[in-house]
**Student:** 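Following this message is one structure expressed as structure tokens.
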Amino acid sequence: MTVSLLPVWAVLTPVLGLCALLLCERWMRPERVAAPFVGLSLYLSLSMTYEVMTSQAPLVYALGGWLPPLGLTLRADGVGVLLMALTALVMTGVAICAWTPPGDATARSRFSFWALLLALWSALNLAFTAQDLFNFFVALEMLSFAAVALVALDGTRGALIAALRYLLFALAGSILYLLGVGLIYGRYAVLDLAGLREIAQPDTVTLAALALMTAGLMAKTALFPLHLWLPPAHAGAPAPASAVLSALVVKAPFLIILRLWVDLLPLPAAAPQQIMAGLGAAAILVCSVIALRQQRLKLMIAYSTLAQVGYLFLMFPLMPGPAPWQDIGWTGGLLQLASHGFAKAAMFLAAGLIYEALGHDRVAELGGLARRQPVTLAAFAIAGLSLMGLPPSGGFIAKLLLLTAAVETGAWWIAAVILAGGILAAFYVFRALGHALADGDPPMAPVALYRQGAVLALALCALALGFVPLRPFALLAIGRPLEALEAMP
Amino acid sequence: MSTTLFGLTGAALVGIGLFGLIVHPTALRKLLAFNLVGAGVFLVFGVLARRAAAAGLAGDPVPQAIVITGIVVAFAATALAATLLARLSGPEEEP
Amino acid sequence: MSGLLLAASFALPLLLAVTALWPPMRRHLLAALPAAPLPALAAALLAPGGSLMLAPDPLRLTLALDEPGAMLLGGSALLWCAAGAYAAYYLAASTRRTAFAVWWLLTMAGSLGLCLVADMTSFYLFFTVASLAAYGLVAHEATPAAGRASLVYMGLALLGEAFLLLAFVMLAIGAPGIGNPAIAEAVAHLAASPFRDAILVLLVLGFGLKMGLVPLHVWMPLAHPVAPMPASAVLSGIIVKAGVIGLIRFLPFGGEIEGWGVALVGLGLFTAFYAVAIGLTQPHPKVVLAYSTVSQMGVVAAVAGAGLASGSEATPVLAAFYALHHMLVKGALFLGVGVTGKAGGRSTGPILAVMTVMALSLAGLPFTSGALAKYAVKDLFGDGAAALAATLSATGSTLLMLHFLRRLATLVPADADAEARPPAGLLLPFLAMAGASFLVVGLLLPATGASYAAAFAPEALWKAFWPMLLGGALALLLHRFAPRSPAIPPGDLIVLAERGWPAMLRLADRLERADETLRRWPVAGALLLLLLLGLGAAMQLSAGFHIPRG
Amino acid sequence: MTELLALTLALPLLAGALFIVATASTRAALFGFFAFGLFLALAWVALDAVDVALTEAAIGGGATGLLLLRLNGRMRHPVSLGEPAGPRLKIAAGLLAALVTLALGALLLALPEPAPSLAAATVEPLPALGIGNPVTAVLIAYRALDTLLEIVVLLIAVVGLRALGTDRGWGGRPVPWPEGEPSPALVFLARLLIPAGLVFAVYLFWVGADAPGGKFQASTLVAALWLLAIMAGLAPAPCSGGRWTGRALAIGPLAFIVAGTIGIAAAGSFLAWPEPVAKPMIIAVELALAVSIVVALVLLVAGPPERETGR
């Protein structure tokens with residue numbers, strides 16, 4: 001492993017940006033203040049990805065020189081840098097798209113948007129690099145608070161109610177998670193994942209703690225049937241915020257679940273994994289059907305997020321090996337996570353531009369869009385391609401890998417669900433596209449081309465992930481299994 | 001023994017709070033119930049700290065520090081929820 | 001160089017489709033349609049045997065043009081050209097012409113690319129592009145009928161994709177190495193795969209859906225007629241051939257799986273006769289043509305099955321040759337239906353004459369492409385019952401085509417003045433296709449191993465002709481004595497399936513209500529606890545209770 | 001004896017919790033919560049965690065209770081999150097919650113003896129840090145990142161709270177509380193308590209290095225005094241978009257990060273405290289943090305800005 005300060009700066013740069021925003025609030029426009037920090041964070045994330053890929057080793061830093069179990073470390077492994085790069089690109093796309101605020105933006109909404117965006121970025125980078133169970137908790141709380149405020153940014157009654165439900169349910173999830181952390185501490189007096197990996201036993205207390213943490217995180221990632229808060233929250237937030245919420249924020253708790261189940265205590269395949277996959281399957285089938293019946297584009301996309309989160313949970317029974325990160329189920333699930341991130345961000349941003357142009361997002365009245373905003377619509381279509389799991393797209397490769405893993409492990413029902421989910425997704429995407437391609441010449445407000453271009457770029461990122469080779473992806477195994485940090489070199 | 005008693009109290013608070021969080025229809029009462037669950041969880045941490053007394057200390061300082069952080073975070077959450085509630089119960093705001 | 005030509009075959013249509021994002025280009029897109037398939041045409045002529053590695057090893061996206069691929073590529077390119085020219089005139093005034101052109105170009109890219117890919121991922125890619133982009137062609141008219149047809153088309157196409165994807169995944173698991181195997185390598189291991197039977201079932205389902213094998217044909221009689229005329233021509237001429245290419249590429253000809261071959265022959269011939277029977281009841285000429293396509297694809301499937309049963313390595317070329325004939329002739333027929341609708345006066349006679357020759361070509365009229373195609377494939381069937389049935393399928397086609405011609409005559413406008421003639425923009429592509437069917441199929445006959453001398457020998461001609469005579473006689477009898485044909489709605493079996501639609505809607509309603517219940521706060525909260533306890537219990541049980549000891 | 005003490009604390013806690021959940025009156029529940037907070041703080045003392053007890057009394061019970069009480073006073077109608085649970089659902093929820101409690105209790109009893117502990121590890125480096133209170137050492141040294149980010153959490157909460165305000169009030173001050181003239185008794189109390197409280201706060205801050213106490217406790221006390229002053233009309237509520245408010249909020253995290261960076265050069269690691277000057281640096285950073293915490297807490301209790309500036 002490489003000792004590097006980069007993970008620390010990746011977490012703290014957005015915090016510095018937040019401070020700068022507070023300091024310069026009165027004399028500078030918020031986007032101008034935030035821009036350098038967005039650029040710097042992007043640079044940090046990409047250079048970390050580069051470092052990890054070239055050195056084939058994780059970047060580690062023990063803060064203050066205190067080693068676990070007393071101290072905290074940040075560690076960017078292969079999965080971590082993948083998600084940080086995803087976050088950085090999506091955030092940059094969102095920042096470009098939100099650069100010129102919509103006409104009804106106020107000083108309040110503009111300042112708050114940029115401040116909360118940076119806060120989210122810091123929280124995400126922390127969630128992707130933290131190694132300590134309580135550190136995860138802090139990251140999750142930063143994430144939830146910023147996300148809740150973003151949901152309520154429009155200030156409508158619906159948005160406020162959605163934000164309140166989101167906050168309270170997320171809090172219920174966090175408190176269960178924290179209880180699990182407490183049990184782990186009581187059992188081992190260690191909260192560091194690598195340290196726990198060396199001593200953890202599958203005994204009653206440990207498993208109960210794992211169940212508490214997992215259930216709490218499931219509530220935060222909106223796994224069916226704990227999804228009550230997500231559709232109104234993601235549909236009610238301003239579109240750039242929805243993009244970040246759907247593409248990134250729900251992924252952080254999922255990643256922590258994954259790390260608990262893979263890094264903390266490798267469990268032999270059994271009933272719990274089947275339960276998780278079963279819930280994922282239910283999410284795919286039920287939420288896709290409901291997405292198909294939504295009248296509003298943003299609600300449709302929000303339900304699609306629920307279905308796509310379901311795919312992530314299918315991976316648990318699909319990596320039965322002693323080193324799950326060598327299984328194609330692992331690669332498939334994480335590729336699904338990344339490609340859904342890009343595709344969903346593009347889709348929500350496209351929906352936002354459509355809303356700006358038309359003044360509504362009713363699916364049945366999208367006619368004429370193809371002629372007036374072809375770039376936006378192309379981005380929507382390409383993102384849809386990835387959601388449907390059609391080639392060439394990251395979503396396709398992910399689906400293919402999960403399907404292969406399902407066939408190899410003999411999990412035929414999972415294979416059937418993956419295929420059925422693809423068909424349903426195609427129906428809801430084509431439904432929206434069909435309406436957008438219809439005749440019509442409604443009055444439309446102009447939307448700057450560079451913003452449409454940013455959305456298209458994100459969609460193309462999802463497409464580009466389709467050219468990842470069809471095999472366990474070496475990057476995603478870097479830094480696994482976890483090794484305890486013996487000393488600061 | 002007394003430590004265990006506090007532990008069981010914490011467990012009971014968690015249960016009582018969760019029940020309130022689920023069944024109370026109004027948001028303010030849910031918020032109160034959440035704070036009860038939080039208190040229960042923190043109490044469990046306190047019990048864990050007390051059990052792990054060593055090196056001349058009356059308790060393990062790590063869980064205590066965690067609880068201090070946790071209390072502040074829970075307060076911030078409550079404040080955020082309270083703001084949302086205040087907006088929702090106030091008059092409709094002109095944009 | 002030849003490799004680049006291969007890549008250009010699908011790259012040019014794709015690039016043209018992308019230019020739709022650029023407003024100044026959009027106006028001219030429709031006019032550019034006939035030019036888009038030219039690289040593919042050049043590739044089919046100049047580059048057979050060429051290959052190109054698009055992406056190196058881990059991805060292994062590979063292009064390669066073999067003989068059957070070249071036949072289908074060339075034929076498709078020709079039809080795309082002619083139909084494109086036809087469309088440029090036919091849709092010039094449509095408000096949705098840009099959208100039409102984009103769907104058209106995407107479908108074209110998919111169908112052309114499909115003829116020349118050699119690896120499984122690319123095959124699935126182009127197959128998907130072709131079949132999903134064709135949705136836009138089916139849905140173009142935006143009428144309720146088009147809406148229904150496109151929905152059915154979409155649903156079944158996606159179902160077919162799902163079958164194929166699963167089949168491909170299972171196929172790839174057996175293939176050497178990991179990642180993206182070449183089709184040939186994967187198929188070589190098919191016979192030894194533990195999933196062999198499942199793979200074959202899924203392949204036949206997936207490709208059979210595209211070809212319209214009964215009972216998966218239901219979308220065709222709905223979808224082909226509702227599309228604009230040139231789109232019908234390519235749907236019926238080219239898109240269904242995606243299934244043929246699939247069978248050619250993925251069935252292990254020369255392997256030891258005789259039972260599967262016999263089953264496919266049975267399925268194909270049943271389809272051939274079933275579609276004739278239903279087609280005879282249809283009043284609309286385009287619907288009749290769609291049923292004729294179903295019937296002809298049944299014959300192609302039977303050819304593939306016979307090849308599989310006999311282990312003949314020549315089967316791909318023969319099946320492609322038959323498909324090529326059908327592609328050109330069916331294309332001409334669909335374009336001709338539109339031309340007939342504009343005919344009148346002195347132009348009527350010649351047009352109907354050409355249409356008659358084309359229609360009877362499908363039945364194997366001597367000296368037409370149909371006779372050559374049927375001659376080329378007849379040896380595969382051997383001498384048994386299958387051979388007889390295959391021969392008699394020509395009788396069925398004769399019946400169906402005579403019915404078609406009768407229905408076609410009703411399209412000629414009655415009140416047209418004597419000087420009326422179809423516009424050149426429609427007429428020329430139609431005539432070009434009709435001519436091409438003779439020329440191309442005639443020139444390619446030696447590729448199947450047959451000689452002109454044998455094909456035009458009196459004995460061969462008689463063998464082609466007597467089933468038609470029989471068909472003609474039957475048609476007369478039917479016309480004279482048969483009761484009025486029963487009214488069977490287009491898509492026959494789909495009507496039965498659609499009875500289940502309200503139940504599906506009710507199910508969706510119920511799901512939506514269930515979701516509303518689940519999203520109520522107390523329910524979700526209780527579920528959170530239930531999930532927590534359930535997960536915890538499952539974990540404890542699967543690990544066996546085990547109290548920690550410090 | 002200790003069992004008796006524990007019982008006298010545990011029973012009111014349980015009764016209080018049941019009352020808070022069961023009572024029909026929200027106001028009663030809120031007062032119940034105050035009492036509950038008091039007993040909880042005592043329970044923490046009984047658990048020998050005076051640091052936590054102070055925090056709990058100040059924030060968990062005090063500030064939270066104050067916040068909710070004020071909220072209840074301002075709410076014109078209750079905000080419901082959907083229809084109430086039916087009887088069957090209530091029973092199911094009750095059973096599930098009871099099961100969770102039972103399971104949790106059983107788990108606590110199943111924890112290993114002797115309990116694993118980091119206590120010894122936390123004590124050992126104390127001399128080098130120059131602080132005597134291991135809880136403070138955990139917060140400011142071993143898990144300094146948590147503390148830094150906890151301040152960021154407060155910052156995010158403040159930003160979020162402002163985001164939830166109205167456009168009209170953006171950058172202004174919160175609504176006064178109570179509305180109208182403060183009572184003379186309150187003003188008198190405030191004048192009496194504020195100086196004494198400030199002295200005690202300084203003491204708490206100072207001893208936090210070695211004895212129970214510290215920046216949080218001191219800051220909450222200052223924040224409470226400030227709120228009292230606001231209520232008594234002796235001090236204005238902070239202007240949320242004001243120049244000084246922004247600076248005060250930012251100074252804590254910035255000072256922490258700067259100190260961390262100095263640590264790279266002086267002690268070889270980010271957030272490491274260089275030995276000779278560890279204590280002064282820690283105190284400087286804590287002071288900066290305290291400023292941020294006070295302002296954040298006051299803003300969080302006072303609520304979002306609803307009044308325009310200059311009024």
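Throughout, a chain's letter reflects where its sequence line sits, starting with A, and its residues are numbered from 1.
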**Student:** So A:Leu183 and D:Leu108, do their side chains get closer than 4.5 Å, heavy atoms only?
**Tutor:**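 Answer yes - side chains close enough.
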**Student:** Quick check: closest heavy atoms across D:Ile156 and A:Ala146, and the distance to 0.1 Å?
**Tutor:**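 Taking D:Ile156 first and A:Ala146 second, the nearest heavy atoms are CG2-N, 3.7 Å.
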**Student:** Are there over 12 heavy-atom neighbours, none belonging to A:Trp27, within less than 6.0 Å of that residue's CH2?
**Tutor:**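 More than 12 within 6.0 Å, yes.
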**Student:** Is the closest side-chain heavy-atom distance between D:Leu118 and A:Pro69 below 4.5 Å?
**Tutor:**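 Yes - at least one pair of side-chain heavy atoms lies under 4.5 Å apart.
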**Student:** Closest approach of A:Ile161 and D:Ser80, non-hydrogen atoms and distance?
**Tutor:**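 Closest pair (atom of A:Ile161, atom of D:Ser80, distance): CD1-O, 4.4 Å.
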**Student:** Contact part of A:Leu191 toward chain D, heavy-atom cut-off under 4.5 Å: side chain, backbone, both or neither?
**Tutor:**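 Only the side chain of A:Leu191 comes within 4.5 Å of chain D.
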**Student:** Given heavy-atom pairs under 4.5 angstrom as the criterion, report whether the side chain, backbone, both or neither of D:Ser292 touches chain A.
**Tutor:**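 Neither; nothing under 4.5 Å.
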**Student:** Can you find a pair of side-chain heavy atoms, one from D:Arg243 and one from A:Arg26, that are under 4.5 Å apart?
**Tutor:**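 Touching, per the 4.5 Å side-chain cut-off.
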**Student:** As an exercise: rank A:Val190, A:Leu160, A:Leu179 by heavy-atom pairs under 4.5 Å with chain D and give me the winner.
**Tutor:**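 Most heavy-atom pairs within the cutoff with chain D belong to A:Leu179.
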**Student:** To the nearest 0.5 Å, how far apart are OH in A:Tyr188 and CG in D:Leu111?
**Tutor:**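 With rounding to 0.5 Å, OH (A:Tyr188) is 10.5 Å from CG (D:Leu111).
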**Student:** With a 4.5 angstrom heavy-atom cut-off, which part of A:Phe134 approaches chain D: side chain, backbone, both or neither?
**Tutor:**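 Both parts, backbone and side chain.
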**Student:** What residue, out of D:Val138, D:Leu249, D:Leu164, D:Leu104, has the most heavy-atom pairs lying under 4.5 Å from chain A?
**Tutor:**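 Most heavy-atom pairs within the cutoff with chain A belong to D:Leu104.
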**Student:** Can D:Phe270 and A:Leu12 be said to form a side chain to side chain contact (heavy atoms under 4.5 Å, CB included), step by step?
**Tutor:** CA-CA 12 Å; D:Phe270 186 82; A:Leu12 291 182; 3.3 Å; yes
**Student:** Using the six-membered ring wherever Trp is involved, compare the ring planes of A:Phe111 and D:Trp170 and label them parallel, tilted or perpendicular (cut-offs 30° and 60°).
**Tutor:**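 If you compare the ring of A:Phe111 with that of D:Trp170, the planes turn out tilted.
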**Student:** Which bit of A:Leu18 comes within less than 4.5 Å of chain D, counting heavy atoms only: side chain, backbone, both or neither?
**Tutor:**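 Just its side chain gets close to chain D.
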**Student:** Please tell me if the side chains of D:Thr245 and A:Leu22 come closer than 4.5 Å, counting only heavy atoms from C-beta onward.
**Tutor:**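 They are not in contact (no side-chain heavy atoms under 4.5 Å apart), so the answer is no.
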**Student:** Ignoring hydrogens, what is the shortest heavy-atom contact between A:Ala149 and D:Gly160? Give both atom names and the distance.
**Tutor:**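 Closest pair (atom of A:Ala149, atom of D:Gly160, distance): CB-CA, 3.5 Å.
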**Student:** Among A:Ala20, A:Ala139, A:Ala107, A:Ala159, single out the residue with the greatest number of heavy-atom pairs under 4.5 Å to chain D.
**Tutor:**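 Top count of heavy-atom pairs under 4.5 Å with chain D: A:Ala107.
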**Student:** Using a 4.5 angstrom heavy-atom cutoff, name the option from A:Leu23, A:Leu16, A:Val8 with the most pairs to chain D.
**Tutor:**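 Greatest number of close heavy-atom pairs with chain D: A:Leu23.
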**Student:** Looking at A:Leu63 and D:Ser269, what are the two nearest heavy atoms and their distance?
**Tutor:**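 Looks like C-OG, 4.3 Å.
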**Student:** So does A:Gly64 get a backbone contact from the side chain of D:Tyr142, meaning a donor-acceptor N/O pair under 3.5 Å?
**Tutor:**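 No, D:Tyr142 side chain to A:Gly64 backbone: no donor-acceptor pair under 3.5 Å.
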**Student:** Less than 4.5 Å to any heavy atom of chain D: does that hold for the side chain of A:Leu150, its backbone, both, or neither?
**Tutor:**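 No part of A:Leu150 comes within 4.5 Å of chain D.
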**Student:** Any side-chain heavy atom of D:Pro112 within less than 4.5 Å of one from A:Arg187?
**Tutor:**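 Yes, their side chains come closer than 4.5 Å.
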**Student:** Which atoms of A:Leu168 come close to chain D, meaning under 4.5 Å heavy atom to heavy atom: side chain ones, backbone ones, both, or neither?
**Tutor:**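 Only the side chain of A:Leu168 comes within 4.5 Å of chain D.
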**Student:** Heavy-atom cut-off 4.5 Å, strictly under: side chain, backbone, both or neither for A:Leu70 against chain D?
**Tutor:**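 For A:Leu70, the contact with chain D is made by backbone and side chain together.
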**Student:** Report which part of A:Val15 has an atom under 4.5 Å of a heavy atom belonging to chain D: side chain, backbone, both, or neither.
**Tutor:**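 Side chain only.
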**Student:** Which heavy atom in A:Leu153 sits nearest to a heavy atom in D:Ala163, and how many Å separate them?
**Tutor:**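 Heavy-atom minimum between the residues: CD1-CB, 3.9 Å.
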**Student:** Can you confirm whether A:Phe145 sits close enough to D:Val159 that some side-chain heavy atom of one is under 4.5 Å from a side-chain heavy atom of the other?
**Tutor:**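 The answer is no, as the side chains (C-beta and beyond) never meet within the 4.5 Å cut-off.
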**Student:** Counting only heavy atoms closer than 4.5 Å, note whether A:Leu118 contacts chain D via side chain, backbone, both or neither.
**Tutor:**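 No part of it gets close to chain D.
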**Student:** Between D:Glu150 and A:Val138, is any pair of side-chain heavy atoms under 4.5 Å apart?
**Tutor:**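 Side chain of D:Glu150 against side chain of A:Val138, heavy atoms only: no contact under 4.5 Å found.
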**Student:** What residue in D:Leu161, D:Leu107, D:Ile251 has the most heavy-atom pairs under 4.5 Å with chain A?
**Tutor:**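 Between D:Leu161, D:Leu107, D:Ile251, the count favours D:Leu107.
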**Student:** Report the distance from atom CG of A:Leu72 to atom CG of D:Leu145, rounding to the nearest 0.5 Å.
**Tutor:**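 Going from CG on A:Leu72 over to CG on D:Leu145, the span is 6.0 Å.
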**Student:** Please identify, among D:Val158, D:Leu148, D:Val79, D:Leu271, the residue contributing the most non-hydrogen atom pairs under 4.5 Å to chain A.
**Tutor:**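 Greatest number of close heavy-atom pairs with chain A: D:Leu271.
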**Student:** Hey, is A:Glu25 close enough to D:Arg162 for a salt bridge, meaning N to O under 4.0 Å?
**Tutor:**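 Yes, A:Glu25 and D:Arg162 are salt-bridged.
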**Student:** Between D:Ala267 and chain A, with a heavy-atom cut-off of 4.5 Å, which part of the residue counts as in contact: side chain, backbone, both or neither?
**Tutor:**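 Contact with chain A: none, neither part.
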**Student:** Could you tell me which non-hydrogen atom of A:Asp132 sits nearest to which non-hydrogen atom of D:Arg143, and how far apart they are?
**Tutor:**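 Scanning both residues completely, I find the closest heavy atoms to be OD1-NH2, 2.6 Å.
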**Student:** Within the structure provided, determine whether D:Ile257 and A:Trp9 are in side-chain contact (heavy-atom separation under 4.5 Å).
**Tutor:**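 D:Ile257 reaches A:Trp9 side chain to side chain.
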